[in-house]
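A, B, ... follow the sequence lines: proteins, then strands. Residue 1 opens every chain.
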Protein chains: 2
Amino acid sequence: MPRPRHQPLPLADGPAPERADAARNREVLLAAARQLMLSEGICAVSMDRVARLAGVGIGTVYRRFTDRCGLALALLGDSERQFQAAFLTGPPPLGPGAAPETRIRAFLHCYIDRLETDAELHAIAETSSPTGRYNNGAYRTARTHLSWLLTEAGAQDPAYHADALLTLLSAGLFQHHRHELHLSPERIKAGLDSLVTGLLSQGTPSPN
Amino acid sequence: MPRPRHQPLPLADGPAPERADAARNREVLLAAARQLMLSEGICAVSMDRVARLAGVGIGTVYRRFTDRCGLALALLGDSERQFQAAFLTGPPPLGPGAAPETRIRAFLHCYIDRLETDAELHAIAETSSPTGRYNNGAYRTARTHLSWLLTEAGAQDPAYHADALLTLLSAGLFQHHRHELHLSPERIKAGLDSLVTGLLSQGTPSPN
DNA sequence: GTATCAAACGGAAGACGCTCCGCTTAACCG
DNA sequence: CGGTTAAGCGGAGCGTCTTCCGTTTGATAC
């Protein structure tokens, strides 16, 4: 009969502690993926090759990262954490202190800058199911934040428009604008800016 | 020595005439794909099964439709042609005759209705490369049209905002809104409408 | 009818994502 | 330390998309 496992600390249970070998493998795998990416480009980062370069079985890659998108998301983890810290608790204009509208623009500009450096990785991270993009922690945090800023700024329908703005930050659209239509990042930011202006020109008919 | 082929009619050369067996196979394959879709759902529509049900080799499917997205696009062909006819030459509010702003809204609403009936097929059609969605005839026609309407309506930066609006009509976002957030089609249309209002509230400062 | 050739065909083979399941091992307890 | 258990591991195998290339065939000219 399976005896109930004793709970050493019933307080503050996170999403489950990771065993030592698991944590080790996570790092080894991320390192392998990064190396593959740097030396041969994104296309070379297949689950199979990452596993072999890391010296583990494929099953392990999936156990650690769920799927290819999960691996991409993990590779973006540092960038993501930095970004979140910046818009949640960092200095203005991105962080608290600036006017909501200013923060929204800063958020969008910063996101475009992130795409400029890591568009391909973002593209993979958005690849799973059609709705996969909308179902991960990073997306939800961003949406919640944007939605709140839009509310603060007095916009109509913040929930819808938060999703709308984030959809305009999809890697696919960015790559199309950037590398097929040859728009500069500034041009893209300007487009987003005018959209924000439009969004905020309604809602609060006159902010007096 | 290869003798030069005689040209029967040097006038009006289309994108290349399709040989009889090729045209026949195209129809057989589309029928097979439709049947599979109706009887077992979109997931059952794999290139392999379509080929077998049609009684041809897989190579033929690829020769006729290039890839899976091409097949999906072909399945949407009728709907697409109807839609194009409607907004290019049909009656108002979608076609010529109504005010540009009215036509823009009608365009978006109509697109949402199309997604409501064929979201899954659209999702597959948007699946190829990250930028695949932006590189097919249907997309380009829609973009040109929207861009022109935006110009007529006096919007700023019509080129950018045409892409923006079309990106908000992606199947992935629609499915997320519709089936995960449980928004009604009307709710989605309202969101798009308020965006359009914002877009057009600038540009022409006062249309007098 | 016959010759010719580009177009079309078929299906084997490759690459990749992902699943499944039997075996191994870290972690914890007494 | 030895027992117990959940977590982790490995890799064969499946399904799918896609490519490649040798063979076949429809269309045309003569």
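When rounded to the nearest whole Å, the span between CD of B:E18 and P of C:dA6 equals 19 Å. Taking atom CZ on B:R52 and atom C1' on C:dG10, their separation rounds to 14 Å, with Å as the unit. For the pair A:Y62 OH and D:dG13 P, the computed distance is 18 Å after rounding to whole Å. In this structure, CZ of B:F65 is placed 14 Å from P of D:dC17, rounded to the nearest angstrom. Atom pair A:R24:CZ and C:dT25:C1' shows a separation of 11 Å (rounding to whole Å applied).
In this structure, A:F107 has its ring center under 6.0 Å from that of A:F83. Note: A:Y160 and B:H177 meet the aromatic proximity criterion, with ring centroids under 6.0 Å apart.
Closest of all the heavy-atom pairs between A:Q202 and B:G198 is NE2-N, 3.2 Å. What you find for B:E152 and B:P100 is that their closest heavy atoms are CB-CG, 3.7 Å.
Distance from the side chain of A:I58 is smallest to D:dG11 among D:dG11, C:dG10, C:dC9. Minimum atom distance to the side chain of A:A20 is reached by C:dA27, of the listed D:dG8, D:dC17, C:dA27. If you check C:dG11, C:dA8, C:dC18 against the side chain of B:D21, the one that comes closest is C:dA8.
In terms of phosphate contacts, A:T60 brings a side-chain nitrogen or oxygen within less than 4.0 Å of OP1 or OP2 of D:dG10. Put simply, B:R19 has no side-chain N or O that comes within less than 4.0 Å of OP1 or OP2 on C:dA6. Look at A:R63 and you'll find a side-chain N or O under 4.0 angstrom from OP1 or OP2 of D:dG8.
Using bins of under 30°, 30° to 60° and over 60° for the plane-to-plane angle, the ring pair A:Y111/A:H122 lands in the tilted bin. Aromatic ring pairs are classed by plane angle as parallel below 30°, tilted from 30° to 60° and perpendicular above 60°; the pair B:H179 and B:F174 is perpendicular.
The environment of A:Q82 atom CD is sparse: at most 12 non-hydrogen atoms of other residues, nucleotides or ligands sit within 6.0 angstrom.
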If you restrict it to nitrogen or oxygen atoms, what contacts under 3.5 Å exist between nucleotides 14-16 of chain C and the protein, and what is each distance?
none

